[in-house]
Amino acid sequence: MNFLSPTSLLLFGLAIPIIALYILRLRRRREPVSTLMFWEELFRERQTTSLFQRLKHLLSLLLQLLFLALLVFAIARPQFAFITKSARQLVLIIDQSASMNAIEDEVEVEGLTRLASAKESALRTVDGLRFMDEMTVISSHTRPVIHIPFTNHQKSLREAIDAIQPTDISTNLEPAYDLAHAIAQTKPNPEIIIFSDFQSISEELLAKLNSKTEQDANTEKSDPEIKRRLIRMGEANDNVGITQFRVRKSLVNAFDYQTLLRVVNASETEKRFNVELYFDENLFDVRPYNLAPGESKSEIFSNFAFEGGKLKAVLDVQDALATDNTAYATLPKRDLIPVLLVTVENPFLQKALAVDEQIKLTVLTPTEYETDVLPVGVRSPNPYGQGKQPYQVVIFDRYSPPTLGDGNYMFIYPPAASPETANPELKFHIGGALETPIITDWERTHPILQHVHLENVQIGAAYQVTPPPTAQVLARSFESPVLFIDVTPNRKIVFAAINILESDLPLRIAFPVIIANTIQWFQQRSEIQEHHLRTGEVLKQRIESVDATLPPALEPETDSPPDPPKLAKITGPGDETWEIPIERDELLFDQTQRAGFYELKISEAVDATVEDAPPPTTSEPVEENSGTVWSVNLADETESHIGTDPAVEDMLEASVTSGGTALLRYPPWVYLVFLAVGLSVVEWFLYQRRRID
């Protein structure tokens, strides 16, 4: 035994005045009385009890000295070796994955989830801590989080446990157990307690839980034995869930979407329910489902709006887990493709482009192009037209521009230029006319020529052309290429050496198909840009800066003030908002723990220190865009099976943990103080109380 405050033992010196007070006798004084009869009788009674009186005074002295000793020892705060060696270091792992949101029918409180039950059990464990025990709290779904380091301060531990919030993320206890095991190895008497429903456990984690601590051959002392306790929360397995909800472009209609929905019955009974589909919170479709135990069903929904919006699938069913009864998807808005046609007159080409509803067509003559576009777009990455809106595709019909920037271009029978006036940016060379041109071979698998037949196409005028070395020939007239593509990092070119006005190609179905395929090949968007994430994944989005979209001719001067910093405002489920500064034109957001829609808006950060800046007018919007909507889903079939994994049945313990029954729950000095108070009460009853009476 040792003492934390050994200097307090000097207080034993107070025993000297206590003993002196008991030894000290009062000096009697003489008083005349009328008779001694009563005093003689009292004296005889006192003589018969004098021995008892002396013993009583001696017992009172001993009690007073013992009271002093207990108080002094309490102040000195004694420590016992057996108590120190029995101190425990508890590592609590609380599973906060999606399946822990399941509601048990057997719970006393209606609506109590497995996570709430786990937190209550953890709080009872905190109540059962002894004064020398320590505890740390870790929450887990796929990534462990330490909420509080080792401490015996129960108020802080309770606050840390209460701070654990539910999530919709899949279960993976192995990282949390590895972290807890690494922490426990540094403690002399560790114990790992896991509160979970154990609906999914990997073989690697199962092997770790069954393993025993092995002694290191290079050391004489083995690592401390780590005790493990697996506390199961909940036993329900009645659940139906959505395991997949994804969007793709329709294979038959370029303006429509197709949505794949997959539902699984993870319960042991047959389930009958409806699947409700909502588009922008309006009921869009309802379909009945009847699934046998363990059966799954996949179905495709279509006929959605072209404008895009929010799509939500809801299972009209009552089960233990509501998280997987709703799934979310975003239908992105398809912007029209701005296309510029530079031609003198070509009604066939204009009509082929005009019938495509995905194209926003602008037609200019070569003179208008050189007058209105080239002064702005000479150095631009994309040619600019009226309103400074970039054209994503430019088609030159029987015309060759004097200069060419980066972008997507289609040349149709451009005229040959002299060496003095030739554009050095164009790497192809035009030769003489072809005699009796006919298409003899073409690349049927290339995206531009898919679903196209070019047999017996009558061609009246075509010429020989030498494509650049990087080009790919798509169609030939014997050995002469008549259609090729050339792709460089900043420029894509499609070249046709045929005068379509002197052929029957515009009269064939193949002509509008080739034009439509070419536009789509320039866009390289065979699939839609889907803003879809799994719960727990990091949202990554590239934010284009203002300077990156402007041509060099319109770039700000070097001495101009820099653009104000960008700020991203994200609104998630439950109208929870986050404001995140954008660094290096990229947004990273990792708070996707709950399933639902996350709307992203970009605005300029306001500097509150600038006093001279005029206040923004109410007519100008603060945000720069209408927002990008991301859909975040659980969509995990394993998580929808909320029953306990049979592999851990033998290691599970009851979910009720006892609290407040531990021996030596408080430090020894507390017990010494209570004992001293008890002795004081005994001494008062034996001596002081009788004297008062």
Side-chain angles (χ1 to χ4, degrees), residues 2-5 73-96 100 107-109 112-140 144-167 173 176-177 179-196 224 226-233 653-677:
N2 54 13
F3 299 91
L4 296 180
S5 181
F73 278 125
I75 297 174
R77 300 178 64 185
Q79 298 291 320
F80 299 93
F82 74 93
I83 295 179
T84 304
K85 291 181 180 179
S86 63
R88 300 174 301 165
Q89 296 81 39
L90 304 180
V91 183
L92 259 64
I93 300 177
I94 299 179
D95 184 4
Q96 59 173 162
M100 292 292 287
V107 296
E108 298 179 358
V109 182
L112 191 64
T113 63
R114 293 177 178 179
L115 178 60
S117 300
K119 292 167 67 173
E120 288 188 357
S121 299
L123 291 175
R124 289 195 293 268
T125 305
V126 173
D127 294 336
L129 289 178
R130 300 172 296 179
F131 78 96
M132 65 282 196
D133 295 336
E134 292 182 325
M135 178 185 290
T136 181
V137 179
I138 300 175
S139 65
S140 171
V145 177
I146 299 177
H147 289 264
I148 188 172
F150 276 106
T151 182
N152 58 3
H153 189 244
Q154 295 192 8
K155 181 179 179 181
S156 300
L157 290 170
R158 293 189 186 96
E159 292 176 351
I161 293 173
D162 290 335
I164 298 176
Q165 299 298 322
T167 69
L173 292 173
Y177 179 80
L179 176 61
H181 190 272
I183 296 175
Q185 285 182 325
T186 63
K187 300 297 179 179
N189 191 20
E191 183 176 353
I192 299 176
I193 305 177
I194 304 177
F195 295 93
S196 175
I226 301 176
K227 300 178 182 179
R228 307 176 182 91
R229 294 174 58 194
L230 275 59
I231 312 298
R232 176 170 60 184
M233 312 306 303
E653 297 184 11
S655 60
V656 179
T657 57
S658 60
T661 60
L663 297 176
L664 293 178
R665 184 178 177 185
Y666 301 102
W669 67 267
V670 176
Y671 299 98
L672 293 176
V673 170
F674 279 105
L675 185 58
V677 173

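For the single chain, residues carry numbers from 1 onward in sequence order.
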Legend entry - Donor on one side chain, acceptor on other, S117 and R114, under 3.5 Å: no
Between D95 and R232, is there a side-chain N and carboxylate O pair less than 4.0 Å apart?
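No, D95 and R232 are not salt-bridged.
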Residues passing the side chain to side chain contact (heavy atoms under 4.5 Å, CB included) test with P166, sequence neighbours excluded, are N101, L115, R594
Is a donor on one side and an acceptor on the other found under 3.5 Å between the side chain of [X] and the backbone of [Y]?
X: T186; Y: A182; value: no
X: S140; Y: L173; value: no
X: Q96; Y: Q165; value: yes

With heavy-atom distances below 4.5 Å as the criterion, would you say the side chains of [X] and [Y] are in contact?
X: Y177; Y: R228; answer: yes
X: K187; Y: E134; answer: yes
X: H153; Y: I148; answer: no
X: L92; Y: L157; answer: no
X: L129; Y: L90; answer: yes
X: R158; Y: D127; answer: yes

Working note: T113 + M100, criterion side-chain contact (heavy atoms from CB on, under 4.5 Å); need CA distance, chi angles, decisive distance, verdict. CA-CA 7 Å; T113 63; M100 292 292 287; over 6 Å; no
Which distance, rounded to the nearest 0.5 Å, do you find between the [atom1] of [X] and the [atom2] of [Y]?
X: T125; Y: I231; atom1: OG1; atom2: CD1; result: 7.5 Å
X: H181; Y: I192; atom1: NE2; atom2: CD1; result: 6.0 Å
X: L123; Y: Q154; atom1: CG; atom2: CD; result: 10.5 Å
X: E120; Y: I161; atom1: CD; atom2: CD1; result: 11.5 Å
X: I194; Y: L230; atom1: CD1; atom2: CG; result: 4.5 Å

Residue set satisfying salt bridge (charged side-chain N to carboxylate O under 4.0 Å, His left out) with E191, at least two apart, ordered chain then number -> R229
